[in-house]
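Report on one structure; see the data block that follows.
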Amino acid sequence: PRTAESSTCVLHCQEALPLRFYVMQVIIKTLDGQRKPFNFEPEDTVSKIKDTLVEKTGIFKEMIRLIFHGTPMQDDQTLKDAKVQAGDTV
């Protein structure tokens with residue numbers, strides 16, 4: 001049986017959790033034309049995305065260049081800043 005006190009604690013604990021952004025799938029297109037889906041959050045930076053690509057592909061971070069709508073993306077830029085949306089190709 002739940003008591004009012006335990007319910008309050010649960011609600012309080014949930015409110016203390018940091019808010020998370022939704023995860024969106026972004027397609028990464030490689031130089032050889034392959035398209036691979038990855039899940040990122042809108043607040044993820046290009047640097048973090050490059051780190052993920054290093055882990056998943058083994059490509060050196062220094063060799064990764066992300067371009068969206070013909071514009072090179074900066075390492076401190078977020079997907080949200082660049083207006084990348086779910087389903088977009090980078």
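As a basis for the values below, the full set of heavy atoms in this structure was taken, side chains included, without hydrogen atoms, waters or symmetry mates.
The side chain to side chain contact (heavy atoms under 4.5 Å, CB included) search around T45 returns S47, K48, T78, not counting sequence neighbours.
Residues in residues 49-60 take part in these salt bridge (Lys or Arg N to Asp or Glu O under 4.0 Å) pairs, two or more places apart or across chains: K50-D75, D51-K61.
One finds the CD1 atom of I49 at 5.5 Å from the CE atom of M73 (value rounded to the nearest 0.5 Å). Here the CZ-OG1 distance, from F40 to T52, works out to 5.0 Å after rounding to the nearest 0.5 Å. The distance from atom CD of E41 to atom CG of L79, rounded to the nearest 0.5 Å, is 10.0 Å.
At least one side-chain heavy atom of V54 sits under 4.5 Å from a side-chain heavy atom of I64.
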Run the side-chain donor-acceptor check on residues 83-90: report pairs under 3.5 Å with partners two or more places apart or on a different chain.
from	atom 1	to	atom 2	distance (Å)
D88	OD2	Q85	N	2.7
T89	OG1	R35	NH1	3.4

Distance-only criterion, 3.5 Å: show the donor-acceptor pairs between side-chain atoms of residues 24-32 and protein atoms not counting sequence neighbours.
from	atom 1	to	atom 2	distance (Å)
T30	OG1	D32	OD1	2.3
T30	OG1	Q34	N	3.1
T30	OG1	Q34	O	3.3
D32	OD1	Q34	N	3.4
D32	OD2	Q34	NE2	3.0

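There is no path of hydrophobic side-chain contacts, each under 4.5 Å, that joins M63 to I67.
Taking every heavy atom of both residues into account, Y22 and P42 meet most closely at O-CD, 3.1 Å.
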